[in-house]
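This one's a predicted model, so the numbers in the text were calculated from it and none came from an experiment.
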Amino acid sequence: MSGKNASRSKSDAQKRAERKRRGTGISTFILVAAIIVLVLALWKLVPILMDYHQSESAYQSLSGDIVDLGGDEEADGETEDEPDWASVRIDFDSLKAINKDVVAWIRFDNTDEVNVDYPILHGTSNDEYLHTNLYGDTFSAGSIFLETANSGDLSDRYNIVYGHNMKNGSMFGTLKKYRRDDSFYDDNQYFTVYTPTAAYRYHIFAYEVVQDDDVVYTVGYGADENFQSLIDKIVSRSQKDTGLHPGSNDRIMTLSTCTSATETERFIVCGVCEDEVSY
């Protein structure tokens with residue numbers, strides 16, 4: 001091989017080596033960048049997951065201590081698997097000792113499907129319990145709370161209760177199931193609100209998506225044509241025709257949560273009180 005050809009071969013080999021080094025350097029850079037992005041994502045995600053877990057764990061523990069499902073005893077002394085809603089008892093003395101703003105407890109019949117089994121708080125503003133739990137701790141999930149403008153004893157004809165649409169299904173996170181599948185309503189039509197003096201049985205008659213400035217967020221109605229007009233509007237706009245159409249003499253409760261679509265969009269589930277038991 002001539003010196004000229006050898007020099008050219010050596011030059012080609014050097015070029016290939018340099019390209020390889022550059023390629024390795026780029027691959028290393030991409031790998032390091034990906035690792036940094038992953039670490040940053042985990043750095044943001046882990047606290048959120050811990051927040052969700054700690055918040056829900058606190059309420060799950062509370063429910064186990066506060067809620068007595070009761071139920072009639074069978075002949076062999078064992079209790080029925082599905083206790084009657086009216087036999088449930090809530091330890092409000094213990095709840096009030098934790099937080100005096102507790103006014104009620106809301107519970108769906110099948111908490112495996114609709115994971116709503118929480119105290120209802122009533123603060124001095126609608127921001128007070130937005131990200132604060134029963135114990136006064138700051139969590140993104142906050143609390144289930146009653147509209148500030150409503151009476152704390154839930155004596156109003158129309159009450160609004162708020163809860164976050166949590167991704168892990170806590171708070172009002174499982175209400176989205178009504179929106180996603182109309183058949184879900186068939187087996188999950190009722191919820192009960194317990195107060196220190198009574199239990200109120202609500203039958204869901206409508207659910208729909210609204211804006212945060214919708215008329216449904218107005219309270220203070222009496223048994224008049226204005227209240228009937230509100231009820232008629234809720235029924236006419238309902239995603240599902242439930243066949244129920246309450247009147248102005250009924251008591252209505254609206255459960256409100258956010259959606260993931262826009263900051264101003266809300267999803268509401270509305271129930272009419274069909275029965276009550278006083279203690």
Quick check: does any side chain N or O of [X] sit under 3.5 Å from a backbone N or O of [Y], one acting as donor and the other as acceptor?
| X | Y | result |
| --- | --- | --- |
| Asn226 | Tyr221 | no |
| Asn165 | Cys258 | yes |
| Thr259 | Phe267 | no |
| Tyr118 | Met171 | yes |
| Ser143 | Thr132 | yes |
| Tyr59 | Leu134 | yes |
| His122 | Asn150 | yes |
| Ser248 | Gln228 | no |
| Thr195 | Ala104 | no |
| Glu147 | Ala149 | yes |

Polar contact flag, side-chain donor to acceptor under 3.5 angstrom, [X]-[Y]:
| X | Y | answer |
| --- | --- | --- |
| Asp153 | Ser155 | yes |
| Asp156 | Ser151 | yes |
| Thr254 | Tyr158 | yes |
| Asp182 | Tyr207 | yes |
| Ser63 | Asp117 | yes |

[X] [atom1] to [Y] [atom2] distance, which is reported to the nearest 0.5 Å:
| X | Y | atom1 | atom2 | value |
| --- | --- | --- | --- | --- |
| Thr192 | Arg107 | OG1 | CZ | 8.5 Å |
| Arg179 | Leu175 | CZ | CG | 12.0 Å |
| Tyr190 | Ile204 | OH | CD1 | 10.0 Å |
| Phe172 | Arg266 | CZ | CZ | 13.5 Å |
| Arg201 | Trp85 | CZ | CH2 | 6.5 Å |
| Asn159 | Leu255 | CG | CG | 10.5 Å |

Quick one, [X] and [Y] - any side-chain contact, counting heavy atoms below 4.5 Å?
| X | Y | value |
| --- | --- | --- |
| Leu95 | Ile66 | yes |
| Val235 | Ile231 | yes |
| Thr174 | Glu113 | no |
| Val272 | Glu274 | yes |
| Tyr135 | Leu62 | yes |
| Ser256 | Val216 | no |
| Leu244 | His203 | yes |

Check your understanding: Is it true that the NZ or CZ of Arg251 lies under 6.0 Å from the centre of Tyr200's six-membered ring and within 45 degrees of the ring axis?
Key ->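 Yes, cation above the ring, under 6.0 Å and within 45°.
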How far apart are the closest heavy atoms of [X] and [Y], and which atoms are they?
| X | Y | result |
| --- | --- | --- |
| Lys96 | Val102 | NZ-O, 2.6 Å |
| Asp181 | Ser183 | OD1-OG, 2.6 Å |
| Tyr202 | Val193 | CE1-CG2, 3.9 Å |
| Gly163 | Ile144 | CA-CD1, 3.7 Å |
| Leu146 | Asn126 | O-OD1, 4.1 Å |
| His131 | His164 | CE1-NE2, 3.6 Å |

Exercise for review: Could you walk me through whether Tyr178 and Asn188 pass the side-chain contact (heavy atoms from CB on, under 4.5 Å) test, one step at a time?
Suggested key: CA-CA 9 Å; Tyr178 290 97; Asn188 299 279; 3.3 Å; yes
Review point. Should Asp214 and Arg237 count as an ion pair when the cut-off is N to O under 4.0 Å?
Key: yes
Exercise for review: Would you please test Met253 and Val161 for side-chain contact (heavy atoms from CB on, under 4.5 Å) and show each step?
Suggested key: CA-CA 7 Å; Met253 177 170 286; Val161 176; 3.9 Å; yes
**Study point:** Connected via hydrophobic side-chain network under 4.5 Å: Leu230 and Ile252
**Key:**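 Both belong to a single hydrophobic cluster.
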Exercise for review: Answer with yes or no whether the hydrophobic clustering places Phe191 together with Phe184; edges join I, L, V, M, F, W, Y residues whose side-chain heavy atoms lie under 4.5 Å apart.
Suggested key: yes
Exercise for review: Applying side-chain contact (heavy atoms from CB on, under 4.5 Å), run through Val67 and Ile90 and close with a yes or a no.
Suggested key: CA-CA 5 Å; Val67 180; Ile90 309 298; 3.8 Å; yes
Exercise for review: Report the C-alpha distance between Asp65 and Asp91 in whole Å, list the side-chain angles of each, state the deciding distance to 0.1 Å, and finish with yes or no for side-chain contact (heavy atoms from CB on, under 4.5 Å).
Suggested key: CA-CA 8 Å; Asp65 295 335; Asp91 185 357; over 6 Å; no
Exercise for review: Go through the steps to decide whether Ser170 and Asn168 satisfy the test side-chain hydrogen bond (donor to acceptor under 3.5 Å, both in side chains), and finish with yes or no.
Suggested key: CA-CA 6 Å; Ser170 62; Asn168 66 349; 2.7 Å; yes
Point to revise | Lys233 NZ: over 12 foreign heavy atoms closer than 6.0 Å | key: no
Check your understanding: Ring centres of Phe145 and Tyr129 under 6.0 Å apart?
Key ->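 Not under 6.0 Å, so no.
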